[in-house]
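Chain letters run A, B, ... following the sequence lines, proteins first and then strands; every chain starts at 1.
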Amino acid sequence: MGEKNIKISNPVRNKFLSGANGVNKDLPKAYNPQDYEDKIYEKWEKSGYFNPDICVKKKVCAKDAKPFSIVLPPPNVTGHLHLGHAVMLALQDIMVRYHRMKGDKTLWVPGTDHAAIATQSKVEALLWEKEKKTRHDLGRIEFLKRVEKFAKDSHDTIIKQCKKMGASLDWSREIYTLDKERNLAVRTAFKKMYDDGLIYQGARIVNWDPKMQTTVSDDEVEWKEEKTPFYYLKYGPFVIATARPETKFGDKYVVMHPDDKRYKKYKHGEKIKLEWINGPVAATVIKDKVIDMEFGSGVMTITPWHDAIDFEIAQRHNLDKEQIIDKEGKLLPIAGEFAGMEIRKAREEIVAKLKKKGLLVKIEENYIHNIAVNARGGSLIEPQIMKQWFIGVNQEFKRGGQKTTLKKLMQEAVRPGKIKIIPERFNKTYFHWIDNLRDWCISRQIWFGHQIPVWYREHKNTKTQKHKNNDKEIYVGVKAPEGEGWIQDPDTLDTWFSSGLWTFSPLGWPQKTEDLKIYHPTSVMETGYDILFFWVARMILMTTYLLDEIPFKTVYLHGLIRDEKGKKMSKSLGNVIDPLDVIKKYGTDAVRLSLVIGSTPGNDVKLSEEKIAGYRNFTNKLWNISRYIITNYQLSITNYRFNLEDLTLFDKWILLQMRNLVLAVSEDLENYHFSQAGERLREFTWDDLADWYLETSKFEKNSSKNQILSIILNDLLKLWHPFMPFVTETIWQEAGNKNLLLIEKYPVLDSYKEIWKETNNGDFYPEMILIQKIITAIRNARSENKVEPAKKIKAVIYTKIEEYRKLIRDHEVLIKGLKTGISELEIKVKGEKIAGAIYAVVGDIEIYLIGAIDKDKEKERIKKEIANYEKMIVATENKLKNKEFVAKAPAEIVKKEEEKLKSWQEALEKIKG
RNA sequence: GGACGGCUAGCUCAGUUGGUUAGAGCGCCGCGUUCACAUCGCGGAGGUCACAGGUUCGAGUCCUGUGCCGUCCACCA
C-alpha cells in the first residue's frame, strides 16, 4: 500500500495557539457559568461585532456579503424577562450567530415596545396606590412624564435581562416604538393611508372598556364563561330570552327568521303595540336570516347600540339606534327610574319590575353565558357606538394601476408562497383570520401612545369645505399645521399600529436609509404563534401597503412554554419558572438548550427544572471533554496534513463523523430544524467523541492525535457556539485563542473532502463497528454474569476469517483497554469449545471469556439470546416466503433481508452449539 | 358551531419522502470513584406506536371513521 497524504483544511480566522502562551492547563473540574458569563458578554459587546458595520470594517464579513436580518419582537418596556422571551432570544440568537459565523452580513435589531394600554394601566395603578390620584388629577402632560419615567427605569431591567440570555443584538441600533423616528414613521403611515382613503373616521360599534375609558381591538377581547340566570320575557305576542334585561329598555324591533312558520302571519315592517318595561312601545317586526330558529323561541329583540350583531342587523335594515348605557357603564335617562344606576346593579330591580308587570315568563338558572373582557386590563367590555378612527380593510385603492384592498394584499403576500410560515398549518389560521377581518379600530382614548396626527379647528374658511368634518376643519399631516386655533385629536393609536411598521421603521423608514436598502425585507420573523394575528398579520398589512414589499421571507412560530404538566405558567398557580433564577442556578447555556432541544415549531414546550439540570450536566460534559483535550494535547495549526496510513480506524471514524455532523447541522439550521441539530450535536459529543473516541485515544497513541483533536475540538466548539455561546467561548478563550469564537468561520464540509474521498466515503466503517461490537459484547457478557469490574479475565476469540484475526490483533490494546477487563487475549482460527466459559457471538466471531462464569446467569443469557434470534429469523423467513414480497419489493430490500437472515442463522447455530 | 394540533417506554419527546430488531433524554434496576467528568462510567429492563377499518409485498408513517386531551376562531339573542 502506498502512502497517501490527506489534507484537512481549517478555515480559521485565528489559529489555536500551539500550547505556548495563553493556554489554561489548570481548568477547574466543574464548569461554573457564573464565573464566566457576564465577563464573556462584556467582551463580545466591547468587540463591536454584534454590529455588522464593524464586521465589514474589520473584514469579518465581506462588504458585499449576503445580508441576514432579524428584527427582535420588542419586549414591553415595562416587562421583565419571562420564558417566552427566553425562547425567542435563544432561537433568534442561534440563527444570528450561525449566519454571522458563516460570513453573512448579519443584523439583529433590538427594541422595546411602549405597550400603550398595559403600561398606562400599570402606572395608573401605581399612582392610585401611592398617591390616591387619577391621571386626570395630574393632567395629560404631567401624567405622560410619569409614564415615560417609569418606562425608562424599567427599560434598563429588561435590556439587562436580554443580555443575560447571551443575545447578540446590535445595541448600537436599539430603538423604541415610541421614539422620535418611529413617531415620524407612524405619522407618515397614517397620512398615506388617510390620503388613500383607507383610514376613516366613523361612528361604528366598538369594544368599550368603561373602566379604562378606551376602546380595545377585537383581538384584545377575551371571552369568559359565566353562569347567569336567563330570563324569558313577554314581549307582546312573543317571548324573548335574555341574560341582560338591563339593556332592553330601548328595544323596539323584534326580529325573526323569514322562513319561520310559527311567525308567518307577522310581516316584515309591521308595527305591533305592546307593553314594555317603562310603558307601551310600538315594536317593528324585522325578518332576518341571522336568527337561529332553533334557539329559544326563535324571536329576539335588538339593542344595536350595545351589541355587535344587533348593530349589523340595524345597519342592514336601516333601523334606529339608541344609546342605553353611558361611557361609565351607567343607565341613561331612557331607563326611567333606573337612570344613573350601574347596569349590573340595576338588573335585579329591573327583573323585579318586569315580574310585577307580569312580563317575566320564567327564569332559567345556571345558564352559561359568554362575557367579553378586556384582555389587557380585565374589566368587562360594553360595546358602544362611538366615533372612532378605522382602517378599512375592504376599502379599494389603486396599486400599480390595479384596484386592490388591504385584505387582498395580505392574502397575496402569503398565498403564492412569498412568505413562508413555519409550521405550514398556520397558513390556514392566517387566511381564516383575514377572511373574517373587520375594519380595524385604531383609536384609543388613553394618553400613552402615538397621538393621532389629526388636527381640528373651528371652520373659518368656506373654501376648505372639502375637508369639512362635523363643522370643523380637519388637517391630517406628518407635522402639526401652522396657523391659529388647531387642536390635535386627543386620541392615541392602537399599539399594534406602530408595531405593524416594525420591520422597516427600525431600519429608518420613511428615510431612505442604507439599512433599509440592505436589510429589508428581513430574513426571518421569529415569534410565538399566539401573536400571529395581533402582530404578524398587521406587519404584512403595513409593509405590503407602505413599501410594496414583504416584511420577512420566513415566519417561524415557536410554541408556548408550559409547566411539566402542560399547564400555562402563571403566578396564581405558582408554577412559574423564572428564567433568571434558572440561569443563576444552571447557567444560560443550559437554559437555552432546554428551550430549544425537544421543541418543534408551533408546538408547546413542557419545561421542567429537571430538563434544565440535564443540560447543565451536558454543559459540564462538554467542559470536561475540552478540559481533557486541552490539558493533554498540544492544540495547533490551521492546515493539517496526515499520512492516511498513520490514522487508526477510530481516527478516521471520528473525522468522518465530524464531517457528517458539519453537513447535517448546517442543513438543519438552514431548514430551521434547531432541535434536531442540537440532538445530533449532543449525540456526537457525548456518544461518539467522549464515550468512544477519547477512550480509544487513551490507548492508541500516534503522531496525529494532536492534530485530530485540534480539528475536532475546533469545529465542535464552532458548531455548538450558536446554541451555547458562553461555555464554547469560555473554552475557546481558555484554549489560548486570542480572538473571539463569536466571529470564527463556521466549519465547512470542504475541509473534510479529502479524507472523505480517500476512505471511499467511509469504507472502513464495518471494521470499526466490528471492534465496537466485540467490546460491547464482552462488557455485556461480563455484566450479565455479574463479573466484578475489577476482575481481570482471559478471552479467547475464534474466527475463520483471516482479515478479522488481523483486525482483532491490531486492536488488541483497545479490546483490553476499553472497560472489558481482559488481561489476556488469544486469537485462533477454530478450536475446541471451551467448557465453563462465558460465550458470545459477533457475526462470524466467537468469544469465550474464561474464569468468571455464573452458570445460571449464563444459561439464562444464552437462552434469551437464542429466543431473540429465533424470533427475528422466523419473522424474516416469513417475509421471504411471501412470494409477493419477493416479486414486488425492490431487489435491494429483498437482498438486505436475505443477508440479514443468513447472518442470524449462522450466529444462532453457533450459540446453539 | 367551525378549524387546527396531540395521543409512540413510567415521564418529556424525536421519528424527513412507507422498507434492518421503532429511538433519545430523564427516571428505574445492577455494578463501579487514583488516572477529563459522580453534573460521571459500564451494563440492563421497559413499547399491540389511542382504537377500528382501508390502501400496499410491506404502515408509527398514507386514506376513512371513532374516542380522549388541548388550542384557536365564531359568540346563540
Annotated protein contacts, base or backbone, on nucleotides 39-47 of chain B with a non-hydrogen cut-off under 4.0 Å, one of B, S, - each: BSSSSSS--
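- Look at K428(A) and you'll find a side-chain N or O under 4.0 angstrom from OP1 or OP2 of C4(B).
- A stem is defined here as three or more consecutive Watson-Crick or G-U pairs, each with both distances under 3.5 Å; for RNA chain B these stems are B:1-7 with B:67-73, B:10-13 with B:23-26, B:28-32 with B:40-44, B:50-54 with B:62-66.
- Below 30°, between 30° and 60°, or above 60°: for F618(A) and W720(A) the angle between ring planes is between 30° and 60°, a tilted geometry.
- Each of I822(A), V787(A), T820(A) was evaluated against L849(A); a single residue qualifies, I822(A), per the side chain to side chain contact (heavy atoms under 4.5 Å, CB included) test.
- Proximity of K606(A) to the phosphate of C13(B): a side-chain N or O atom is located under 4.0 Å from OP1 or OP2.
- The P atoms of G70(B) and G30(B) are separated by 38 Å, rounded to the nearest whole Å.
- A distance below 6.0 Å separates the ring centres of W623(A) and Y36(A).
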Dump every N/O contact between nucleotides 54-56 of chain B and the protein below 3.5 Å, one line per pair.
none

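- For N370(A) and C75(B), a side-chain-to-base donor-acceptor distance below 3.5 Å is present, hydrogens and geometry of angles not being considered.
- At a threshold of 4.0 angstrom between heavy atoms, the contacts of K786(A) are confined to the sugar-phosphate backbone, with no base atom among them.
- The base of A36(B) is paired with the side chain of E695(A) by a donor and an acceptor separated by under 3.5 Å.
- With hydrogens and angles left out, the side chain of K29(A) and the base of A38(B) share no donor-acceptor pair within 3.5 Å.
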